[in-house]
Asker: 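One structure coming up, written as C-alpha cells, with questions to follow.
Chain naming here is simple, since letters A, B, ... match the order of the sequence lines and numbering starts at 1 in each. These numbers come from the heavy atoms of this one structure, side chains and all, not from hydrogens, waters or symmetry mates.
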There are 2 protein chains.
Amino acid sequence: MHPQGAPPQKISLPTIKQVVAVASGKGGVGKSTVASNLALALHALGRRVGLLDADIYGPSVPIMMGIQGTFDPQATDFPLERHGIKLMSMGFLVKPEQAMIWRGPMVHKYLTAMLTQTPWGELDYLVIDLPPGTGDAQLTLTQTVPLSGAVIVTTPQDVSLIDARKGLEMFRQVNVPVLGIVENMSYFLAEGKRYEIFRHGGGKKLAQEAGVPFLGDVPIDPRVAECGDAGVPIVHKYPESDVAKSYLSLAQVVAQEINKTGAPAPLPGLDL
Amino acid sequence: MHPQGAPPQKISLPTIKQVVAVASGKGGVGKSTVASNLALALHALGRRVGLLDADIYGPSVPIMMGIQGTFDPQATDFPLERHGIKLMSMGFLVKPEQAMIWRGPMVHKYLTAMLTQTPWGELDYLVIDLPPGTGDAQLTLTQTVPLSGAVIVTTPQDVSLIDARKGLEMFRQVNVPVLGIVENMSYFLAEGKRYEIFRHGGGKKLAQEAGVPFLGDVPIDPRVAECGDAGVPIVHKYPESDVAKSYLSLAQVVAQEINKTGAPAPLPGLDL
C-alpha cells in the first residue's frame, strides 16, 4: 500500500542546522513530554533550540511550556519564547475547546506555514513534536521537512510497540534516519520498590530487532504530569531528578547520533 | 472552522440495536482497553456484543483479544469471535509492521466496508473503538454510523483533558449524545498506599463542566497491560479485581444512559 499522488517538495530551512522529529506510532506515550524535555535538555547543553508543535489536532506544547490562551497572529511576534526555547504551536492560534475537525490538505497547509513563516532565526536544533500515528499529517511532514532524523517514543507494552514499529517503517519508507528509540514510562519506584506498571524492556527489544540505537529509558514520576500541567517541564523544574538526568543523557545521545547520520547540513544563510 | 463538503449519508445497521463509540481526544489513554473490557462487561451482563476496531492506523483490538496474524478475507468467516465477542479489525487484514500511510478517503472506504460488509448478526451492542483524536476518520465515522452515543475516555492530567474536551465538542457538532466520561489510570495502589501518577479527578471535573454524566474511574493495575498483551482482557481474566468491577459498573451505567438518550431503535430486520 502506498500513499496516493506524488510526494510534496522539500522546503528549505536555511537558518536551522538540524531538524529532529519526535514521533510515536501511538498517542499518549509521552511524545510531547519527551519533545519538550529533549528541547530543554539540548538547551541545557548550550544549544540554540526551537520547538514546533506539529500535533495540530492535539497540541500539548502550549500547556507543557506554560503558555496559556491564544494570540492574534497580526499583533504577536512568533515564535514565542519560554525557558530559553523558541516555540510555535497551533495551540497559540486556536482555542483548545475548538475541535480541529479538519481534512488533510488544510492540515498540510497550516503545518507548512508554521514551519516556513515563523522567523526562527539561527537554531542548532528544531525539535518537531509530530502528531502520533502514521497518517496524512505525519506522511506529509516527513516528506516536506528536511529532517535530520527521528526519535521514536514508545511505552513498554506490546500494544504500544506494534505501533512504534509502524512509525519506524514509515520513516524508512521516506528515507528519514531513525536516531533511535526511547522507552518512556519504563518503571515506577515507590518506597524503594520497583513497579513495572506498563511492563518493561520492550523499547530495547524493538531497537535491537530493528537495528536502530536504543536511546534509553525514562522512569515514571508523578512530578512529570504535575510539571507538564504546570507549564515547567521536569528538566527545568527538577534538574536533579532521575527523569531529568535521563533527558540530559538522551540529548547527548541524540546529538551524537545526528552527527553519525551524515545528514547534509543545509546551506548557511548569507548575512552580508 | 467547519469540515469541507457535505456530510456523508448515514448507513443502516438493521440487526444491531445500539452502537456505542468509545472515543478519546488523545491516544494512549486506554481507549482500546476500555472498549475491549466494556464489550466483555456488557457480555457478562448477558448481552450480545460485537466490537469493531475502527483504529485503522493503530488497531489494538487483535492483540488485546488474543488474535494473532492476518487472515485471507476470501477464506475467513468474519466477524471472528473471542471470549464471546464478535470482532472485526483492520489488524485482521494487514500486518502490524505495515505502516498504514493512507490518505483520508481510503480510510473512510475501508471503515464503511468493515461496518456494512461484516455479517454481525443480531447484536444488542456494537462497541466501536474509534481512532483517537478529532480528525478525518473520526469525523467521517460519527457522520456515517448511526451512533446511539459515545463514551469518552480520558486520563486525569490537563494535557489529556484538553483533548477530551475537543472530543466532546466534536460529538456535539455532529449531534451524537455523549453518554459520559470515564477517567482511566485514575490512581495506583501499591502496598496499600495510593499514588496519583497522572494526577486525579480531572475526568469528573470535565464531566461537570460539560454537563455530561461522569461514568466512573478505573484504577491503574499492572495486570491491565499484562492482560492486554496476553489477549485476555482483565474483565475476563480477573473478574474479581477492582478494575474488572469498575468495568462491570461502567457497562451498567452505559446501558442506563443509552436508554435515557432516547436514540431511535433501528428498524428490525425481517426474517420471514
Asker: With a 4.5 Å heavy-atom cut-off (strictly below), which parts of residues 191-202 of chain B touch chain A? List them by number.
Answerer: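 Contacts with chain A: B:E191, B:K193, B:Y195, B:E196, B:I197, B:F198, B:R199.
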Asker: In terms of heavy-atom contacts, does NZ of B:K205 have more than 12 from other residues, nucleotides or ligands at under 6.0 Å?
Answerer: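 No - once you tally the heavy atoms of other residues, nucleotides and ligands closer than 6.0 Å, there are 12 at most.
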Asker: Which residues from residues 26-36 of chain A are near chain B, with near meaning under 4.5 Å between non-hydrogen atoms?
Answerer: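 When heavy atoms of chain B are the reference, residues 26-36 of chain A contributes A:K26, A:G27, A:G28 within the under-4.5 Å range.
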Asker: With a strict 4.5 Å heavy-atom criterion, list every residue of residues 224-232 of chain B that contacts chain A, or say none.
Answerer: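 When heavy atoms of chain A are the reference, residues 224-232 of chain B contributes B:A225, B:E226, B:D229 within the under-4.5 Å range.
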Asker: Can you name the residues that form a salt bridge (Lys or Arg N to Asp or Glu O under 4.0 Å) with B:R172, not counting sequence neighbours?
Answerer: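 None.
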Asker: Can you tell me how far the CD1 atom of A:I63 sits from the CG atom of B:L161, to the nearest 0.5 Å?
Answerer: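 The CG atom of B:L161 is 8.5 Å from CD1 of A:I63, to the nearest 0.5 Å.
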